[in-house]
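This chain uses plain numbering: 1 for the first residue, then up along the sequence. Any value given below was found using the heavy atoms of this structure, including those in side chains, with hydrogens, waters and symmetry copies removed.
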Amino acid sequence: MAPKTSTDESNPPPPSNDLPEMFRPPINRAMRVLDRSFFQKRIPLSAAAIYKASDISNVRKELLKSRDMLALPRLNSIREVKDEGEIRRGILLREDVRHDDAATWSPKISELVEKGTVGLRPFDLELDYDYWNYSDIIASIMPEDLLDEIPQGFTQVGHVLHLNLREQYLPYKHLIAEILKDKNRTIRTVINKIEDVGSHSEFRTFPFELLAGDNDTNVTVHEQDCKFCFDYARVYYNSRLETEHRRLVNKFHPGEMVCDVMAGVGPFAVPAGKRKIFVWANDLNPHGTEAMQEAVKMNHVDQFVLPFNKDGRQFIPWSAKELLQSEPLTVSLKPKRARKPEEPPRHPEEYARPSIFNHYVMNLPATAIDFLDAFAGVYAGHESLFTAQQPLPMVHVYCFSGHSENERDDHVDICQRISEKLGYTITPEYPELEIHNVRLVSPKKQMFCASFRLPADVAFRTG
């Protein structure tokens, strides 16, 4: 397998059942402790020994075009071949070509032999554990009744590979983990989730077991040109959401003010800060807040991003009031590039922090909708501040719903739940409403992001 990035989700290729049997790894379905030495195989083939080194490139092209060259994934078909006491460069041929039986030769092979360009010789191809990928190896040791759904997908966060194995594969968990670690060079630690996210922790962390490698969950990940360092065992982070983080951050504009209510380690807040967007970023988990503070410093966005460690429900009204009462703040950034003598003077970029939030981000899909009642009266008494040029903020709330055949059914469900918590009716036809399909979590569970303009009846509500 190719090395993975620090925040990658991988789906290894399916087992190579389309390969001829002779090139598949040996089978041992009784194996319970990984024996790498078992996976060795010697395969008798034929090779075209090339008499002149200058002909190698042309012969390879011709045999590739005629489909006579052996074509296996991850295998170099150009090898050293013994030819009557000499060592020559040669090209491995299809498994059905026999060096001592001209009836198995194609017209192209016969032509090259007749011209004296090549000579066919026997060649023993040796394959071992290092050659076959994860899918090849695991398919050769797993019981036949489990082959249909061999664990393929996994999540990688830094050097940690995170599995979520089904019950039937638990007896083979250490085998699976060892092979995955071997076949992914950037992996040092393999863990398996043993409880659902958040089932025992309000911080969305999950208990896990170490299956292979180092007992080290302190990871470094990179996302949107930002660097994050944290203990994966103590904070929530999902590498599958990088595309979604980017999508939402791209909706914000430099100089705007964002309230990130459940910010985690800062995958929305820190990249937004790099784009000169002001963010007040909050998380209930003190370890998450600490990691976010480090990310803010490490990525040099401390002028734009301010972390907090508060309860999200309290943070929504508190932050709105606190921002209104805060002293004005202007960030002045010096030009990065020195001015050329012929250029006019370049002035610093200046960004004045707004006194009202333009966006609220609520990335806690399991329960974020339940926090929406905290917006009731959040700007009561400040109606005069809002105009066509200064509208009420957009709310971006993440949630789960079903995975219906008709997606509108899911949208109706989401709107009904939002309406119940806001005390205000929002339908799929509500102006400035967008419900974005983030990802499929399971066959019957979908993650969505509902973005809508905070209704005046909610923001200015009294009593």
With side chains defined as the heavy atoms from C-beta onward, is the minimum distance between [X] and [Y] less than 4.5 Å?
{"X": "Asp373", "Y": "Leu422", "answer": "no"}
{"X": "Ile369", "Y": "Met362", "answer": "no"}
{"X": "Asn437", "Y": "Met447", "answer": "no"}
{"X": "Asp130", "Y": "Phe39", "answer": "no"}
{"X": "Glu244", "Y": "Asn363", "answer": "no"}
{"X": "Val261", "Y": "Ile316", "answer": "yes"}
{"X": "Phe371", "Y": "Leu364", "answer": "yes"}
{"X": "Leu211", "Y": "Ile191", "answer": "no"}

Does a donor on one side chain sit under 3.5 Å from an acceptor on the other, for [X] and [Y]?
{"X": "Asn250", "Y": "Arg275", "answer": "yes"}
{"X": "Arg240", "Y": "Thr155", "answer": "yes"}
{"X": "Thr217", "Y": "Asp231", "answer": "yes"}
{"X": "Gln156", "Y": "Thr186", "answer": "yes"}
{"X": "Asp410", "Y": "Ser404", "answer": "yes"}

Look at the side chain of [X] and the backbone N and O of [Y], then say whether any donor-acceptor pair between them is shorter than 3.5 Å.
{"X": "Ser77", "Y": "Ile91", "answer": "no"}
{"X": "Thr330", "Y": "Ala352", "answer": "no"}
{"X": "Asn184", "Y": "Ile187", "answer": "no"}
{"X": "Asn309", "Y": "Leu284", "answer": "yes"}
{"X": "Arg67", "Y": "Leu64", "answer": "no"}
{"X": "Asn192", "Y": "Leu165", "answer": "yes"}
{"X": "Asn299", "Y": "Val296", "answer": "no"}
{"X": "Asn28", "Y": "Ala30", "answer": "yes"}
{"X": "Asp283", "Y": "Gly264", "answer": "yes"}

Whether [Y] and [X] form a salt bridge (side-chain N of Lys/Arg under 4.0 Å from carboxylate O of Asp/Glu) is what I want to check.
{"X": "Glu290", "Y": "Arg234", "value": "no"}
{"X": "Arg29", "Y": "Asp145", "value": "no"}
{"X": "Lys173", "Y": "Glu209", "value": "yes"}
{"X": "Arg461", "Y": "Asp457", "value": "no"}

Which residues pass the salt bridge (Lys or Arg N to Asp or Glu O under 4.0 Å) test with Asp216, sequence neighbours left out?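 Per chain and number, Asp216 pairs via salt bridge (Lys or Arg N to Asp or Glu O under 4.0 Å) with Arg188.
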Mind telling me whether [Y] and [X] have parallel, tilted or perpendicular rings, with 30° and 60° as the class edges?
{"X": "His396", "Y": "His359", "answer": "parallel"}
{"X": "Phe268", "Y": "Tyr398", "answer": "tilted"}
{"X": "His411", "Y": "Phe448", "answer": "perpendicular"}
{"X": "Phe304", "Y": "Phe278", "answer": "tilted"}

For the residue pair [X] and [Y], what are the closest heavy atoms and their distance?
{"X": "Val438", "Y": "Cys449", "value": "CG2-N, 3.8 Å"}
{"X": "Cys226", "Y": "Lys274", "value": "SG-CD, 3.7 Å"}
{"X": "Gln303", "Y": "Ser332", "value": "NE2-O, 4.5 Å"}
{"X": "Cys415", "Y": "Ile435", "value": "SG-CD1, 4.0 Å"}
{"X": "Ala450", "Y": "Ile414", "value": "CB-CG2, 4.1 Å"}
{"X": "Asp370", "Y": "Arg313", "value": "O-NH2, 3.0 Å"}

Quick one: do Tyr232 and Tyr237 satisfy ring pair (Phe, Tyr, Trp, His ring centres under 6.0 Å)? Show the steps, please. CA-CA 7 Å; Tyr232 186 46; Tyr237 181 84; 7.5 Å; no
Within 45° of the axis and under 6.0 Å from the centre of the six-membered ring of Tyr129, does NZ or CZ of Lys183 qualify? yes
Would you check, one step at a time, whether the test side chain to side chain contact (heavy atoms under 4.5 Å, CB included) holds for Phe357 with Val258? CA-CA 6 Å; Phe357 288 111; Val258 174; 5.8 Å; no
Using the test side-chain hydrogen bond (donor to acceptor under 3.5 Å, both in side chains), find all partners of Glu383 that sit at least two apart in sequence or belong to another chain.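 Testing Glu383 for side-chain hydrogen bond (donor to acceptor under 3.5 Å, both in side chains), a comparison that skips the adjacent residues, returns none.
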Start with the C-alpha distance between Leu392 and Phe460, add both sets of side-chain angles, then the distance that settles side chain to side chain contact (heavy atoms under 4.5 Å, CB included), and finish with yes or no. CA-CA 10 Å; Leu392 282 159; Phe460 304 141; 4.0 Å; yes
Salt bridge (Lys or Arg N to Asp or Glu O under 4.0 Å), that's the test. Do Arg36 and Glu178 meet it? Break it down for me. CA-CA 10 Å; Arg36 297 170 180 82; Glu178 287 286 350; 3.4 Å; yes
Kindly state each residue pair satisfying ring-ring contact (aromatic ring centres under 6.0 Å, His included) with at least one member in residues 164-194, sequence neighbours excluded. none
Around atom [atom1] of [X], are there more than 12 heavy atoms of other residues, nucleotides or ligands at under 6.0 Å?
{"X": "Glu144", "atom1": "CD", "result": "no"}
{"X": "Arg60", "atom1": "CZ", "result": "no"}
{"X": "Gln224", "atom1": "CD", "result": "yes"}
{"X": "Asn406", "atom1": "CG", "result": "yes"}

Just how far is it from atom NE2 of His253 to atom NZ of Lys251, taken to the nearest 0.5 Å?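 Reported to 0.5 Å precision, the distance equals 9.0 Å.
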Before giving the answer on salt bridge (Lys or Arg N to Asp or Glu O under 4.0 Å), spell out for Glu420 and Arg417 the whole-Å C-alpha distance, their side-chain angles and the decisive distance to 0.1 Å. CA-CA 5 Å; Glu420 181 181 347; Arg417 289 155 56 200; over 6 Å; no
Do Leu454 and Val378 pass the side chain to side chain contact (heavy atoms under 4.5 Å, CB included) test, and can you show the C-alpha distance, the side-chain angles, and the key distance before you say yes or no? CA-CA 10 Å; Leu454 185 64; Val378 71; 4.0 Å; yes
Out of the candidates Phe308, Tyr360, Phe375, Trp280, only one should pair with Phe315 under the ring pair (Phe, Tyr, Trp, His ring centres under 6.0 Å) rule; please name it.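 Result: among Phe308, Tyr360, Phe375, Trp280, Phe308 is the only option passing the ring pair (Phe, Tyr, Trp, His ring centres under 6.0 Å) with Phe315.
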May I have the step-by-step check of salt bridge (Lys or Arg N to Asp or Glu O under 4.0 Å) for Glu429 and Arg408, ending in yes or no? CA-CA 11 Å; Glu429 291 73 35; Arg408 180 178 170 81; 3.0 Å; yes
Salt bridge (Lys or Arg N to Asp or Glu O under 4.0 Å) between Glu256 and Arg353, intermediate numbers included: CA-CA 7 Å; Glu256 286 191 327; Arg353 186 182 68 188; over 6 Å; no
